[in-house]
Number of protein chains: 2
Amino acid sequence: MPEKTGKPGKQQAADERPVRRQARGERRITQLLEAAASVFCSTGYTAASTNAIAREAGVSPGTLYQFFPNKEAIAIELGSRLMHEMRETYGEALAPIDPTTPLEDAVAAAVDRFIDFNCRHPVFFTLMHGPDIPGRMAEEHDALHATLIARVEALLTPFLPDTPPADVRRTAQVCVGIYKAGLELVLAHEGAEREAYVRELKNVLFRYLDPLVVD
Amino acid sequence: MPEKTGKPGKQQAADERPVRRQARGERRITQLLEAAASVFCSTGYTAASTNAIAREAGVSPGTLYQFFPNKEAIAIELGSRLMHEMRETYGEALAPIDPTTPLEDAVAAAVDRFIDFNCRHPVFFTLMHGPDIPGRMAEEHDALHATLIARVEALLTPFLPDTPPADVRRTAQVCVGIYKAGLELVLAHEGAEREAYVRELKNVLFRYLDPLVVD
DNA sequence: CCAGAATGTGAGCGACCGCTCGCGTTTGTC
DNA sequence: GACAAACGCGAGCGGTCGCTCACATTCTGG
């Protein structure tokens with residue numbers, strides 16, 4: 001988050017002052033983040049110019065830098081808010097699955113939720129997928145990726161009680177890779193064709209995992 | 001290809017002269033393409049500066065522009081040569097497969113060949129995968145992708161004689177997507193772990209396709 | 001051997017980009 | 001209503017990048 005109002009407890013580091021945000025400022029921030037999402041989506045992170053983001057938001061470059069110290073901070077804050085919403089919407093509800101649930105249903109449910117989220121926030125895929133992500137941003141990226149892998153691992157473990165952890169981990173990596181590839185295809189199509197790709201994605205995952213479970 | 005020596009048949013368009021290349025020039029071109037491959041690999045296309053490519057090749061920026069009209073042409077020529085080598089190495093031999101061959105073996109053979117090629121030319125993946133590819137390059141990209149899809153479709157059709165063409169096409173798209181995702185994982189690991197991911201990739205594809213075949 | 005083409009150099013041009021700064025406007029507080 | 005702080009503006013600074021150009025060097029055909 002861009003330096004919070006920070007209730008007057010004085011825990012600000014070296015160079016950052018408290019900055020008492022007005023309501024107008026908070027509005028500008030979300031407005032700028034929406035503009036950034038739009039520009040990132042259509043041009044990618046690197047090619048997106050801060051001037052273009054400001055223009056899209058209908059403000060001057062100076063205003064943008066009133067709220068964000070640099071371009072990277074925009075992407076980080078955007079990613080952070082997306083991850084927060086993701087956790088809030090599906091969050092912990094995704095991990096603990098009753099191991100008596102049929103694998104097919106578990107896979108279908110997980111895919112549906114993630115696909116839905118990514119369709120409503122296409123910028124999420126852009127930020128995760130892009131190989132043009134700079135320094136600090138990569139850390140956030142890796143952190144999210146690791147979280148996702150861990151989550152999938154947790155989801156998988158009850159189904160594969162006798163599999164060595166290293167194999168489960170690799171299986172989780174493969175599942176996430178498949179999901180990303182499927183997501184790309186899903187986002188590239190619309191309507192009935194999109195739904196057909198969602199079905200195919202579920203099929204791929206289910207058929208890959210089914211021979212592994214012991215039940 | 002950067003304007004060919006063009007045997008004196010005068011079919012040069014408007015602004016391009018015949019340009020009689022010397023052996024030294026041809027050497028420079030391959031040298032520059034190797035340098036470009038290296039730089040593209042480590043920084044991606046967009047972030048790669050032409051000056052960096054020239055420096056990597058040990059020549060001045062002017063020399064680079066003696067052989068390529070612009071940065072994009074470097075990537076296009078590089079991609080074109082890679083596709084040519086790909087066709088030459090595995091080429092038509094990949095498409096016509098005896099439909100009595102077990103699906104598992106067909107998948108394994110195709111995966112092995114493509115993985116081998118991509119491991120020997122990691123820049124290929126960079127150029128195909130990057131979302132930071134500019135105008136004309138995207139066409140080449142799409143052309144290759146379409147070729148690949150068509151090839152996979154041809155490979156699949158004998159196994160799925162009763163499936164509607166639209167479904168076969170979608171299945172091919174999914175297979176290529178899975179392959180790309182698997183390739184990324186394979187390239188990210190080494191040695192035994194890499195081989196494990198290759199096995200997983202084959203498993204994913206085989207288990208996805210097996211229920212579809214009629215045999 | 002020599003004319004001219006091909007090859008090679010590197011300073012630097014123009015364009016753009018991330019970001020700043022001086023200054024004017026709005027808002028909240030007493 | 002006065003004062004400070006937050007907000008807003010936009011020209012422009014420093015830097016990089018793609019690319020050029022005037023000029024030097026090397027090769028090759030006649």
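Reminder, nothing fancy here: chain letters follow the sequence lines and each chain counts from 1.
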Legend entry - Results of salt bridge (charged side-chain N to carboxylate O under 4.0 Å, His left out) for A/Arg207 - residues two or more places apart only: none
Legend entry - Pair A/His129 and B/His129, ring centroids less than 6.0 Å apart: yes
Legend entry - Closest non-hydrogen atom pair between B/Glu56 and B/Ser38, with its separation: OE2-OG, 3.5 Å
Legend entry - Closest non-hydrogen atom pair between A/Lys180 and A/Phe125, with its separation: O-CE1, 4.0 Å
Legend entry - nucleotides 17-30 of chain D: protein proximity per nucleotide (B base, S sugar-phosphate only, - neither; heavy atom, under 4.0 Å): SSBBB-----S-S-
In whole Å, I'd like the distance from the [atom1] atom of [X] to the [atom2] atom of [N].
X       : N      : atom1 : atom2 : value
A/Gln66 : D/dG10 : CD    : C1'   : 14 Å
A/Leu64 : C/dC21 : CG    : P     : 16 Å
A/Phe67 : C/dT20 : CZ    : P     : 15 Å
A/Glu26 : D/dG8  : CD    : P     : 12 Å
A/Leu32 : D/dC9  : CG    : P     : 10 Å
A/Arg21 : C/dT27 : CZ    : C1'   : 15 Å

Inset, instruction - May I ask you to evaluate whether A/Arg27 reaches the phosphate of D/dC7, defined as a side-chain N or O under 4.0 Å from OP1 or OP2? - result: no
Legend entry - Cation-pi check, A/Lys71 onto A/Tyr45 ring (under 6.0 Å, within 45° of axis): yes
Legend entry - Candidates B/Phe117, B/Phe40, B/Phe114 - the one meeting ring pair (Phe, Tyr, Trp, His ring centres under 6.0 Å) with B/Phe124: B/Phe117
